[in-house]
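Per chain, numbering begins at 1; letters A, B, ... match sequence-line order.
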2 protein chains.
Amino acid sequence: MLNSQSALDLMFQALADASRRSMVERLCRGPASVSELAAPLAMSLPAVVQHLQVLEASGLVRSEKVGRVRTCAIQPAALRAAETWIHERRLFWEHRLDQLGAFLAEQGDEDKGRTP
Amino acid sequence: MLNSQSALDLMFQALADASRRSMVERLCRGPASVSELAAPLAMSLPAVVQHLQVLEASGLVRSEKVGRVRTCAIQPAALRAAETWIHERRLFWEHRLDQLGAFLAEQGDEDKGRTP
DNA sequence: GCAATACTTAAGTACATGCTTAACAGTCAG
DNA sequence: CTGACTGTTAAGCATGTACTTAAGTATTGC
């Protein structure tokens with residue numbers, strides 16, 4: 001791998017941790033400060049900040065510091081990218097299933113005609 | 001974290017690697033043997049098997065050995081679970097945006113009435 | 001100014017991940 | 001039976017991840 005991380009790598013990696021997902025869920029309900037994000041999590045503040053950095057690197061979250069408080073907000077476009085990837089795979093798979101169904105149906109018809 | 005991995009952790013973790021995603025993409029086009037999955041990847045067979053184990057642990061892929069060849073197939077229900085999680089967050093966020101829009105519109109009306 | 005607030009930085013630790021090579025094991029064709 | 005084919009197991013290594021504590025730095029309220 002050696003640090004050639006694609007956007008999807010960073011995105012899914014960011015979502016692959018329950019603490020980070022709970023931060024995302026919190027942010028879906030509106031912006032929050034670092035302390036607010038940390039409150040429900042059983043870990044030190046620096047740990048939360050590190051998770052936040054992962055989320056920012058993935059593009060899922062953006063933050064801005066005003067005075068002494070850093071306010072974090074979710075970045076929905078990034079969420080959509082991950083959703084799209086998964087959705088497309090699933091569509092492709094379902095398309096294949098349709099083809100398979102058609103193939104089997106055709107086979108069934110042939111069998112009917114050939115071996116009555 | 002300490003090994004208490006939820007289904008979503010395993011799922012997103014599995015998708016957070018380009019090699020594994022390419023294996024998933026390959027499997028969306030139909031079942032494949034381990035060697036077939038390995039062919040386009042620039043790594044040893046054991047490495048591919050390890051990725052396969054991650055995919056199986058996540059529920060994204062299932063495999064069965066017949067004779068000396070192990071055939072792998074995608075498990076679409078698992079894909080749908082990941083898609084659903086993301087989709088729900090996005091819906092929640094969009095709902096919030098709607099509320100915000102309504103709020104701002106209302107504020108605008110009030111301002112119009114109050115400061116003409 | 002001074003102390004509390006809200007982070008930030010640095011350093012260290014334990015464990016997980018993504019590979020590798022080497023050696024092994026079951027299956028099938030001739 | 002033998003040898004090629006397809007995978008499996010084991011061991012090891014370099015790097016990455018998820019924390020920790022301790023010590024710092026701006027901001028802000030009094």
Side-chain angles (χ1 to χ4, degrees), chain A residues 1-24 26-27 30-73, chain B residues 1-24 26-27 30-73:
Chain A
M1 205 96 305
L2 284 179
N3 90 7
S4 65
Q5 308 255 82
S6 82
L8 279 174
D9 286 60
L10 294 171
M11 177 87 68
F12 285 127
Q13 185 74 280
L15 291 176
D17 180 283
S19 304
R20 285 194 292 266
R21 281 200 308 279
S22 85
M23 291 168 74
V24 167
R26 167 63 187 81
L27 291 176
S33 71
V34 175
S35 313
E36 283 169 344
L37 284 179
L41 300 174
M43 65 179 69
S44 67
L45 200 64
V48 172
V49 171
Q50 282 168 34
H51 281 306
L52 195 55
Q53 286 168 354
V54 173
L55 288 170
E56 291 209 53
S58 78
L60 277 169
V61 167
R62 196 177 286 182
S63 75
E64 194 189 1
K65 194 164 184 176
V66 174
R68 63 185 167 183
V69 43
R70 175 173 297 279
T71 302
C72 312
Chain B
M1 205 99 304
L2 285 180
N3 90 8
S4 64
Q5 309 256 84
S6 81
L8 279 173
D9 286 59
L10 295 171
M11 177 88 68
F12 285 126
Q13 185 73 285
L15 291 175
D17 181 282
S19 303
R20 284 195 291 266
R21 281 201 308 279
S22 86
M23 290 168 74
V24 167
R26 168 62 189 80
L27 290 177
S33 72
V34 174
S35 313
E36 283 169 345
L37 285 179
L41 300 174
M43 65 180 70
S44 67
L45 199 63
V48 172
V49 172
Q50 283 167 31
H51 280 305
L52 194 55
Q53 285 167 354
V54 173
L55 288 170
E56 292 209 52
S58 78
L60 277 168
V61 168
R62 198 177 285 182
S63 76
E64 194 187 2
K65 195 163 183 177
V66 174
R68 62 185 167 183
V69 44
R70 174 172 297 278
T71 301
C72 311

Asker: Report yes if a donor N or O on one partner sits less than 3.5 Å from an acceptor N or O on the other, where the partners are the side chain of B:Arg68 and the base of D:dC5; otherwise report no.
Answerer: yes
Asker: Round to a whole Å and report the spacing from CG of B:Asp9 to C1' of C:dC15.
Answerer: 16 Å
Asker: Using a heavy-atom cut-off of under 4.0 Å over every strand shown, decide if A:Glu36 touches base, sugar-phosphate, or nothing.
Answerer: nothing
Asker: Are the side chains of B:Thr71 and B:Val66 in touch, meaning some heavy atoms are under 4.5 Å apart?
Answerer: no
Asker: For B:Val66 and B:Arg20, take the nucleotide of DNA chain C holding the closest heavy atom to each; which residue's nucleotide lies nearer the 5' end?
Answerer: B:Arg20
Asker: Would you say C:dC19 has OP1 or OP2 under 4.0 Å from some side-chain N or O of B:Ser44?
Answerer: no
Asker: Ignoring hydrogens and angles, state whether a donor on the side chain of A:Ser63 or A:Glu56 is under 3.5 Å from an acceptor on the partner side chain.
Answerer: yes
Asker: Rounded to the nearest Å, what distance is computed from the CG atom of residue A:Asp17 to the P atom of nucleotide D:dT17?
Answerer: 12 Å
Asker: Distance check needed: D:dG16 P versus A:Phe12 CZ, whole Å only.
Answerer: 22 Å
Asker: Between C1' on D:dT8 and CD on B:Gln53, what's the gap in Å once rounded to a whole number?
Answerer: 9 Å
Asker: What does B:Gln13 touch in the nucleic acid at a heavy-atom separation under 4.0 angstrom: a base, only the sugar-phosphate, or nothing?
Answerer: sugar-phosphate
Asker: Under 4.0 Å from OP1 or OP2 of D:dT17: is there any side-chain N or O of A:His51 that close?
Answerer: no
Asker: Mind checking whether B:Leu60 and B:Leu27 have side chains closer than 4.5 Å, heavy atoms only?
Answerer: no
Asker: Once you round it to whole Å, what is the distance between P of C:dC7 and CD of A:Glu64?
Answerer: 14 Å
Asker: Rounded to the nearest angstrom, tell me the gap between atom CG in A:Leu41 and atom C1' in D:dT20.
Answerer: 16 Å
Asker: Do the side chains of B:Met43 and B:Ser19 get nearer than 4.5 Å, heavy atoms only?
Answerer: yes
Asker: What is the distance, to the nearest angstrom, from the CG atom on B:Leu10 to the C1' atom on C:dT17?
Answerer: 14 Å
Asker: Please pick, from D:dA11, C:dC7, C:dA22, the nucleotide with the shortest atom-to-atom distance to any side-chain atom of B:Pro46.
Answerer: C:dA22
Asker: What is the distance, rounded to the nearest whole Å, between atom CG of A:Leu45 and atom P of D:dA23?
Answerer: 17 Å
Asker: Indicate whether OP1 or OP2 belonging to D:dT6 is found under 4.0 Å from a side-chain N or O atom of B:Lys65.
Answerer: no
Asker: Of A:Gly67 and A:Val54, whose closest DNA chain D nucleotide lies nearer the 5' terminus?
Answerer: A:Val54
Asker: Does A:Asp9 reach the side chain of B:Arg21, with side-chain heavy atoms less than 4.5 Å apart?
Answerer: yes
Asker: Would you indicate what A:Ser35 reaches in the nucleic acid, counting non-hydrogen atoms under 4.0 angstrom: base, sugar-phosphate, or nothing?
Answerer: sugar-phosphate
